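Report on the structure given below.
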Amino acid sequence: MWVRLKLDFGWRDFFHGVTRLLLPFDRSVLADAITERWTPNAFPVLSVRSGFDLFLGTVGWPAGSEIVCSALNIPGMTMIMHQHGLVPVPADLDIDRLAPNLELLEKAITPRTKALLIAHLYGNFVPLEPIVDIARRHNLMVIEDAAEIYDGVYTGHPDADVSLFSFGPLKTATALAGGMLRIKDPQLLAAAKAKHAEWPVQGRYDYLCRLTKYGTLRFFGAPWIYGVSRKAARLAVGDVDGLIQHSAKSFLDEKVMHMLRQQPSGPLLAAMARRLANFDHARLQQRTANGKLLTELLRGQVACPAAELEPHNYWLFPVLVSDRAKSIAALADAGFDATVVTSMRSIDAPADRPELAPTRTADALEHLILVPNWPGIPEAELRRMADVLIAVERQASRVEALKVTVQPAETTYPENRVAEPALNVESAAPR
């Protein structure tokens with residue numbers, strides 16, 4: 001079975017991490033080396049959420065201040081805002097762009113708003129220029145969540161006040177943890193670094209646990225064994241998707257804030273430095289080529305949000321389908337492991353402004369699935385997967401068309417005649 005996502009993490013990376021657990025490190029030297037490869041106004045942190053928490057703790061906005069956010073993000077980001085007494089306010093997405101609707105974004109701004117938090121989703125780069133223009137008119141900061149778009153080159157938009165990047169388990173060039181926090185303002189950057197230096201250092205045992213867990217997932221992610229292990233897991237625990245999602249979580253919810261407020265360990269910094277120094281551009285190019293091919297194959301048949309836009313590196317490949325369960329089942333029967341979106345949620349509107357509820361985003365999530373797109377999947381298999389998706393959607397269209405053409409018969413009938421619906425099958429068939 002073709003697994004939904006293959007970790008960008010090989011056995012050389014695993015053994016490099018294990019050996020680094022045994023070596024002493026000067027963490028400041030490693031951090032400086034990473035910053036030198038990135039940009040001077042950035043530094044390594046434990047994760048995107050750590051960086052976001054650190055920034056909010058440094059900037060110190062008063063309780064009740066608001067951050068207008070892309071309506072789709074991980075729950076951890078809103079949880080951190082609540083920890084700081086801040087109010088997340090959603091800006092509903094234009095689904096075809098996977099970007100905030102600019103009109104709704106501006107309508108969500110109030111005198112209490114302090115910043116706009118924009119998420120680049122699934123490898124699609126959101127154009128920030130018009131968003132920066134809105135922010136400057138209202139004297140707001142722009143925070144870009146770039147966890148899902150790293151391409152070995154991009155280090156943050158020059159006009160963004162804050163940029164956040166991830167090297168977490170599922171990300172491109174993963175170090176199994178780690179992130180980068182870029183802050184444009186030099187004084188705020190210095191204050192954040194000083195605050196970060198007061199945090200305890202992550203223990204090496206934590207990184208050993210990560211290596212063990214994701215080494216195991218890497219083994220069971222091999223196509224030849226994944227199908228068998230998935231069936232076994234289904235028999236054992238039932239909810240396979242829930243098990244996978246729980247295994248891939250970076251932090252346990254009940255310990256999240258304690259675990260976020262740590263500096264990265266020496267072995268983690270060594271892994272980040274190695275991944276940056278040896279970024280695999282060919283792998284990214286292959287993934288992008290796969291994404292473009294899928295986009296072309298599905299064009300006009302299955303909706304692929306933002307897939308036509310550039311730049312785009314297709315970190316994951318979302319599609320909108322009529323019936324998620326039927327599509328996932330059909331793909332599984334054909335040997336493709338697809339899944340619903342479980343790690344991201346639409347952000348709730350504040351109780352006093354229900355009109356801001358992100359209905360477009362919530363509706364899209366009811367029809368969104370993620371399909372395999374990673375480098376190494378043969379072109380023939382991508383074509384076969386596209387055929388399965390198209391066939392399911394065509395069947396759904398036929399069923400819907402047949403429903404539409406069922407018309408009530410006339411209300412009066414000759415005596416002893418049984419009324420029957422008028423069914424126009426010929427006109428319902430797709431052309």
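Model, not experiment: these values are computed from the prediction.
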Tell me if the aromatic rings of His312 and Phe125 count as close, with their centers under 6.0 Å from one another. no
If every non-hydrogen atom of Trp2 is compared with every non-hydrogen atom of Pro378, which pair is closest and at what distance? CH2-CD, 3.4 Å
Closest non-hydrogen atoms of Leu260 and Leu46, given as atom of the first, atom of the second and distance, are O-CD2, 4.1 Å
Under the ring pair (Phe, Tyr, Trp, His ring centres under 6.0 Å) test, residues paired with His281 that sit two or more places apart: Phe279
Go through the structure and list residues passing ring pair (Phe, Tyr, Trp, His ring centres under 6.0 Å) with His120, not counting sequence neighbours. none
Taking all non-hydrogen atoms of both residues into account, name the closest pair between Leu365 and Ser346 and its distance. CD1-N, 3.8 Å
Under 3.5 Å, is there a donor-acceptor pair linking the side chains of Thr295 and Glu308? no
Single hit among Ile143, Val132, Ile109 for side-chain contact (heavy atoms from CB on, under 4.5 Å) with Leu116: Ile109
Side chain to side chain donor-acceptor pair (under 3.5 Å) involving Arg204 - partner list, sequence neighbours excluded: none
Rounded to the nearest 0.5 Å, the CG atom of Leu298 sits from the CG atom of Leu389 at a distance of 6.0 Å
Hey, what do you get for CG (Leu56) to CE (Met77), rounding to the nearest 0.5 Å? 8.0 Å
By ring pair (Phe, Tyr, Trp, His ring centres under 6.0 Å) - contacts of His157 (at least two apart): none
Regarding Asn101 and Asp92, do their side chains bring together a donor and an acceptor under 3.5 Å, going by distance alone? no
How would you list all residue pairs meeting side chain to side chain donor-acceptor pair (under 3.5 Å) that involve residues 178-189, not counting sequence neighbours? Ser163-Arg182
Result of checking Arg287, Lys292, Gln286 against Asn290 for side-chain hydrogen bond (donor to acceptor under 3.5 Å, both in side chains): Gln286
State plainly whether the residues Lys107 and Glu355 are in salt-bridge range, i.e. N to O under 4.0 Å. no
Taking all non-hydrogen atoms of both residues, which atom of Ile80 and which atom of Phe52 are closest, and how far apart? CG2-CD2, 3.9 Å
Is it true that Asp8 and Arg283 have a side-chain N and a carboxylate O under 4.0 angstrom from each other? yes
Does atom CG of Asn139 have more than 12 heavy-atom neighbours, drawn from other residues, nucleotides or ligands, at distances under 6.0 Å? no
State, with a plain yes or no, whether a side-chain heavy atom of Val89 is found less than 4.5 Å away from one of Arg353. yes
His84-Asp53 side chain donor-acceptor pair, cut-off 3.5 Å: yes
If you look at every heavy atom in Ala42 and Leu189, which pair is closest and at what distance? N-CD1, 4.4 Å
Pair Arg394, Gln301 - check side-chain contact (heavy atoms from CB on, under 4.5 Å), show working. CA-CA 8 Å; Arg394 284 179 176 171; Gln301 305 286 335; 3.5 Å; yes
Minimum heavy-atom distance between Val87 and Pro350, given as atom pair plus value: CG1-CG, 4.3 Å
Given Asp94 and Arg360, is the side-chain contact (heavy atoms from CB on, under 4.5 Å) satisfied, shown in steps? CA-CA 7 Å; Asp94 285 336; Arg360 299 175 185 176; 2.7 Å; yes
Centroid separation Tyr150 to Phe167 less than 6.0 Å: yes
Go through the steps to decide whether Leu297 and Leu293 satisfy the test side-chain contact (heavy atoms from CB on, under 4.5 Å), and finish with yes or no. CA-CA 6 Å; Leu297 294 171; Leu293 175 61; 3.9 Å; yes
Would you call the rings of Phe317 and Tyr314 parallel, tilted or perpendicular, where under 30° means parallel and over 60° means perpendicular? parallel
Distance col, row Ile95:CD1 vs Leu320:CG, nearest 0.5 angstrom, shows 7.5 Å
N-O pairing of Arg274 and Asp13 below 4.0 Å: yes
Dump the intermediate steps for side-chain contact (heavy atoms from CB on, under 4.5 Å) on Val201 and Gln262, then the final yes or no. CA-CA 5 Å; Val201 177; Gln262 299 181 87; over 6 Å; no
Between Lys193 and Glu198, is there a salt bridge with N-O shorter than 4.0 Å? no
With sequence neighbours left out, what residues match Arg12 under side chain to side chain donor-acceptor pair (under 3.5 Å)? none
Indicate, with yes or no, if the rings of Tyr154 and Trp38 have centres closer together than 6.0 Å. no
Pair Glu393-Ser322, side-chain donor/acceptor within less than 3.5 Å: yes
Quick test of your reading of the model: are Glu379 and Arg384 salt-bridged, counting only N-O distances below 4.0 Å? no
Count the heavy atoms of every other residue, nucleotide or ligand shown that sit under 6.0 Å from NE2 of His138, and state whether that count exceeds 12. yes
